[in-house]
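Single-structure report; data block below.
Lettering of chains follows the sequences in order, A, B, ..., and the numbering in each one begins at 1. Source: prediction; values computed, not measured.
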Number of protein chains: 2
Amino acid sequence: MNRPAPDLLKPRKTPQQSRSTVTIEAIHTATIQVLLADGVGRLTTTRVAERAGVSVGTMYQYYPHKQALLFAIVERQLDLIVRAMLEAAERLEGRDLRTVSDGLATAWLDAKMADLVSSRAIYGIAAEFDLAELMSRAKNLMVEAISPLLRAVPDARFADPDVTAFMLAALLGGTVRVVMEVGSSEDDLERLRQELPRACLGYLTMAACPYVRQRNDRQLLGRP
Amino acid sequence: MNRPAPDLLKPRKTPQQSRSTVTIEAIHTATIQVLLADGVGRLTTTRVAERAGVSVGTMYQYYPHKQALLFAIVERQLDLIVRAMLEAAERLEGRDLRTVSDGLATAWLDAKMADLVSSRAIYGIAAEFDLAELMSRAKNLMVEAISPLLRAVPDARFADPDVTAFMLAALLGGTVRVVMEVGSSEDDLERLRQELPRACLGYLTMAACPYVRQRNDRQLLGRP
DNA sequence: ACCTGAACACCGTTCAAGT
DNA sequence: ACCTGAACACCGTTCAAGT
């Protein structure tokens, strides 16, 4: 509903002189500062401009709306997380199911928990404007990384690695999101940390072909 | 951040005469209509009041903010879902692990998919204002329903049913949410429908004590 | 008890005028 | 090429005046 054309979300002007690059940077960091200090609800264009030391008009030369300010921040954060997952995927290529499962789950948790404040802030922003496309892109990247990883697991075969990767990405992303949004005491986060890897392994085991499941399960019995 | 006191979200005035009850109802349905017709972004107090056939001032006698309008809708929707889950829990009491797992997953999916439009609209609203408390309450109710259910499963023992219930609720809620937010083609929803029950069972099997896992797994091999 | 709607404060966005 | 800030349109909320 009411989604702006994608290119409108990008800075509308590319810097030609060095001073404008500085301006863009200043606006960007000012947005983060205001976001952390006052929350999304109190983030106004005037406040950001003031903090950045420029006039509102200047801001509108580089960011076409208020949304674009927030968009830039979310984009950077999603980038960090996607990169962490791609690195994990590379590192885990060819390892066994349990290692892959654990590796993905903890990589995801680490990436999200690394900057709790930013993560929470971003979930706070989420529906303030339309993040669907941005999230969708990030998710596709994850699926594209996980899918071949699943194919390369030596001790399991998946009927449809693409579907499994899709579901796994949704499971990881969604579970963490809900826990963080719901308020999430330290206890809750600790539980999440313990249980997410199990959920991940549980699903993957279930999605793998049956004989694998049995084999893998016997291994698990070895180490309670 | 910047959460209004809970009681401010409720109607500030209880109807004394029958005409005000009518007014409240009119405002409520007008909000839904505007939401569905124009989206959250275009929902304004004037528009709602106009559609309800009252003046803005009247609206503010019963709903202290714009947020309260949306709050009322989300509350009703969450209520429906929670109720569906409680009923499912009652129905599943004492059944075996697989039945319980499947029952919960499909009850959840059915409740969410029953009114796709509303569900999406609600996720769209979600961060527009602070739903944390509302969501938290709904989640607690679910955990309280699931936890005893897990205890009553005859063919499995859980080390900590509360933790498992907590995680299961997060898993169900989050996964569906992410898939719906990301845009979700019909294909994606179909995949979700197929995979969520497996994820649910996978996690529960993993969370159950090992000997159960093995037993349950043999059963599964019987019916591929 | 309930309703009205002009009035107020505030915010996002623009644009004519500057360097 | 880049910046300024008054001006405009719009929206959430209030309150004195009505029935």
Starting the side chain at C-beta, find the nucleotide from [options] nearest to [X].
X: A:V54; options: D:dG12, C:dC3, D:dT4; result: D:dT4
X: B:T45; options: C:dT13, D:dT13, D:dC2; result: D:dT13
X: B:Y60; options: D:dC11, C:dT14, D:dT13; result: D:dT13
X: B:V56; options: D:dA6, C:dG5, C:dC3; result: C:dG5

For the pair made of [atom1] in [X] and [atom2] in [N], what is the distance, rounded to whole Å?
X: B:I27; N: D:dT13; atom1: CD1; atom2: P; result: 14 Å
X: B:E50; N: D:dG12; atom1: CD; atom2: C1'; result: 16 Å
X: A:D38; N: C:dC11; atom1: CG; atom2: C1'; result: 15 Å
X: A:Y63; N: C:dT14; atom1: OH; atom2: P; result: 17 Å
X: B:Q61; N: D:dG18; atom1: CD; atom2: C1'; result: 13 Å
X: B:Y62; N: C:dC2; atom1: OH; atom2: C1'; result: 6 Å
X: A:M59; N: D:dC2; atom1: CE; atom2: P; result: 17 Å
X: B:H65; N: C:dA9; atom1: NE2; atom2: P; result: 20 Å

Q.
Around atom CZ of B:R47, are there more than 12 heavy atoms from other residues, nucleotides or ligands closer than 6.0 Å?
A. yes
Q | Opposite nucleotide pairing with D:dC10, Watson-Crick or G-U, both atom distances under 3.5 Å | A | none
**Q.** Counterpart base for C:dC2, defined by Watson-Crick or G-U wobble contacts under 3.5 Å
**A.** D:dG18
Q: May I ask you to establish whether B:K139 and B:F166 are in a cation-pi arrangement, using a distance under 6.0 Å from NZ or CZ to the six-membered ring centre and at most 45° from the ring axis?
A: yes
Q: Describe the nucleic acid contact of B:L43 in one word from base, sugar-phosphate, nothing, applying a heavy-atom distance below 4.0 Å.
A: sugar-phosphate
Q.
Between B:T164 (side chain only) and B:D160 (backbone N and O only), is there a donor and an acceptor less than 3.5 Å apart?
A. yes
Q | N/O donor-acceptor pair under 3.5 Å between A:T205 side chain and A:L201 backbone | A | yes
Hey, does the side chain of [X] come within less than 4.0 Å of [N]'s phosphate (OP1/OP2), counting only N and O?
X: A:S55; N: D:dT4; value: yes
X: A:T23; N: D:dC3; value: yes
X: A:T58; N: D:dT4; value: yes

Q.
For A:D102, is there an ion pair with A:R198 - N to carboxylate O distance below 4.0 angstrom?
A. no
Q | Residue met sooner reading DNA chain C from 5', once A:G57 and A:T46 are mapped to nucleotides | A | A:T46
